Structures are given as structure tokens and as C-alpha cells.
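Here's the structure, in C-alpha cells; my notes come after.
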There are 2 protein chains.
Amino acid sequence: MAATRELLIDTMKLLLWERGYDATSPNQVLERSGVGKGSFYHHFKGKKDLAIAAMESRTDDLIAEFDQIIAQTDGDWLAQVSAYLRLPRHALKGCRMGRIVQDPSVEDEQLLAPLERYFSTMHKRFTAIYSEAQSSGALVKIHKPEALAKLTLSVLQGGFVVGRAVQQDDTVGDVCESFLDMLAALKTN
Amino acid sequence: MAATRELLIDTMKLLLWERGYDATSPNQVLERSGVGKGSFYHHFKGKKDLAIAAMESRTDDLIAEFDQIIAQTDGDWLAQVSAYLRLPRHALKGCRMGRIVQDPSVEDEQLLAPLERYFSTMHKRFTAIYSEAQSSGALVKIHKPEALAKLTLSVLQGGFVVGRAVQQDDTVGDVCESFLDMLAALKTN
DNA sequence: GTCTATAAGGCGATAGAC
DNA sequence: GTCTATCGCCTTATAGAC
């Protein structure tokens, strides 16, 4: 079945979210999916190969999710950023991509590639929003769009880290709200 | 020798920084420190026991480092926050404590305890700075001190995550600088 | 306190039958 | 395509001599 391959990818996506890369074993993927060892090594070269496929798929999902939120939101730049930052997020579950970044094995360039694609794409998306907002005169030109974009992504990722450390599930929402307040002060009309 | 115990702790602190908890093995600690297996299990119950001692020690170091920076800095609240946020930080190396937070084993409450102590202590320190600044009229009262403190810690931690993902070592410095610009706008005199 | 030897178990992966 | 059996390696320890 072609479904086996997809099932393995979907299961790996869940485990990468729950446990990251290093702590997830092929056996765990097999146990949860019900797929056998032979099938797994037929469809993929090994753990790393499956993880890359899962991370690429996750990247596509998350970028599509972002684009949909932005497309659905009519309003100015702040309304768009707000809509995205206010999506429900649970610090204790971690970010579906950011969760993986700190794993030691992720110094490997092949494992790094999908992470880099995700974060640099999101950076471009936010840069475009802030840049256009400045062009139309709706955002003060004190900060570079690129810098604001990088800060936005960092606030989000940092909220997950701090929230997990202090075991407060709503931390990401809290820090996003504070950051949005500061962004609102940069709005010019 | 009593030095053996300290040597094991110092070596574990380095490895926790480089590889986190799950990916660090007792054998790695022994190889790097030159201590033998027998000595290790004489001084500590096991890996977890050593890791907790190392994390508690690291927490003490980092809080002492913070307090020293603040004490050395004469100037207003913004000068103090700037002095701390502008310490040299390398995203590719990771935060000495934040590096560990995402490890799956760190759901264990004993491993979590030192992390929680570090982040909640830092949160209190920043809250005190922002709170006093508001009392003295040097900081606008739009934001709660607690919220600003949580945001400050998140910016720092998020910078490490994003920086590692896009492989830009100076990301933490960049986002701190952007954040400081936004804080400067909240200064009232 | 420190040493070496050993152990049970999981890891990532392969072999070869069906 | 999928199965079961097996592999060599590493992990976290423990045992018992010195």
C-alpha cells in the first residue's frame, strides 16, 4: 500500500513533536503506527530519512496554515500579525518545528535543511507584512522589517521554552499578547 | 579526593550545554573528565543525580552572573537591562540552561526543578527592575512588570532557537537589540 | 575511593523467507 | 511489500577486587 509510507510520515511527525529527533526511535514509530520493521526499511533508508520527510511535510503544513490565516484576515498589518500570534498554543506541547531545533543531531546539515526552510520562510512572510506596512505608512519606520520579523519569531519560540521551564501552558499566549501591545504602539493610523 | 566530585559536576555542566541531558551519557562524562566508572557511581547515584547537581550549580552561576552585571551597572533600568542583554551570546552554542529545557526526559519533576528555579528567579529579578522603574516614574505603566519580565526572557531564549535553526550565531544579539529599541520607547525620562 | 569486568536492555539496521 | 530473526553497538548501571 502507498498508505504505509504516509502513515509512517504522519506518525513520525507526531513523535518529533512529542519527543524531538534524538529521543525518537524507529521502534517507537513502528509500535505506534502498527507498521512492521521490514516495511519501514523498505520505504525509507532509515530513521534520518524518515525524519527529513516528516519535517519537510510539517514545514509545508505550517506555512500553509500561516498563509491561510493571513488570507482570511482582513484588516491592517497588526490585525494579521495578531491573528497568527493569537492561535491557541500550548507551551507544554512545544512548537511543532521549534521543538526539534535543540536536538544535538540537528547539527547535521540534512536534518537542518527543513528547519532552515521553515524559519527562513516564516521570516520572509513576516518581513513582507512589516515592509508593506511601512510602505503604506501604517507602521513607523524606526525598525527594519527584517529585524521585527526575527523578533516576532523569537518571541514565539522563546515563549515555548520559558513556558515549558516554568510549566505554564499559557506562556506563549501571554508573551505574544505583551509583544502585540508593543507592536500596537508602532501603528501610525 | 573531594575534587573528583567537583570535576564530574563541571564536566557534566559542559556536556549539558553542548548536548543537553538525554544525549549525554555517563561514558562521555567519564571519557572527558578522565574519572573512572567506579568513582562516578561512588559519588553519584547515577546520571540523573549528577545532572541535577550540575544544573543546580549552573543555576547558581548564572544568577550570580546576573546579579554582578546589575550591581556593576550604574544608570537607570534600561541601562541595566541593556547591560545584561548585550552580554556576548552565541546562538549556535545555545543557552547554558535553556538548551536543556526541550529534552524529553525533562518532564521529570526532579530534573525540572533546577530549570524552574533558574527561570523563575530570573523572572523575579527582571520583574523587580521593571517594577521599581515604574514606581520611580522612569517607565510607562502600560505593561505589567511581570509581563515585561516574561517577554524579556522569551526574547532571549527565542533568539537561541531561531539562531540555531537558521545557523546565524549573532541572532540573539540582533533580537535583543531590536527588543531594547522597543523598550527604549517606554522610557519616560 | 577507585579499578576492571560484566550484565540486561535498547538502539539503528540488515538478512532472508514469504 | 511485509514478516521474523538476528546483529553489533552503545547505554545505564552493578559486582567485587584492590
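Reminder, nothing fancy here: chain letters follow the sequence lines and each chain counts from 1. Note that this is a predicted model, so its numbers are computed, not measured.
- The residue among A:Tyr41 and A:Gln28 whose nearest nucleotide of DNA chain C lies closer to the 5′ end is A:Gln28.
- One interatomic measurement links the two molecules: CD of A:Glu31 to P of D:dC3, which rounds to 15 Å at whole-angstrom precision.
- For D:dT2, one of the phosphate oxygens OP1 or OP2 lies less than 4.0 angstrom from a side-chain nitrogen or oxygen of A:Thr4.
- Between A:Phe66 and A:Phe126, a ring centre-to-centre spacing shorter than 6.0 Å is recorded.
- In this structure, A:Asp22 atom CG and D:dC10 atom C1' are separated by 14 Å, rounded to whole Å.
- The nearest whole Å value for the distance from the CG atom in B:Leu30 to the C1' atom in D:dT11 is 12 Å.
- Distance, B:Leu7 CG to C:dG1 C1': 14 Å, rounded to whole Å.
- The nearest whole Å value for the distance from the CZ atom in A:Phe40 to the P atom in C:dC11 is 13 Å.
- The separation between B:Phe44 atom CZ and D:dT14 atom C1' is 18 Å, rounded to whole Å.
- Here the side chain of B:Ser39 is nearest to one of D:dT2, C:dT2, C:dC11, namely C:dT2.
- Under a cutoff of 6.0 Å and an axis angle of 45°, B:Lys47 and B:Tyr21 form a cation-pi pair.
- We find the CD-CG distance between B:Glu146 and A:Asp174 to be 11.0 Å, quoted to the nearest 0.5 Å.
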field: Residues A:Met55, A:Ile100; criterion side-chain contact (heavy atoms from CB on, under 4.5 Å); working and verdict
entry: CA-CA 9 Å; A:Met55 289 163 74; A:Ile100 307 165; 4.1 Å; yes
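- Both A:Lys37 and A:His42 lie close to DNA chain D; mapped to their nearest nucleotides by heavy-atom distance, the more 5′-ward contact belongs to A:His42.
- Across all strands shown, B:Asn27 has heavy atoms under 4.0 Å from base atoms, whether or not it also approaches the sugar-phosphate.
- The interatomic distance linking B:Asp49 (CG) with D:dT12 (P) rounds to 14 Å, in whole Å.
- Nucleotide C:dT14 holds its P atom 15 Å from the NZ atom of A:Lys47, rounded to whole Å.
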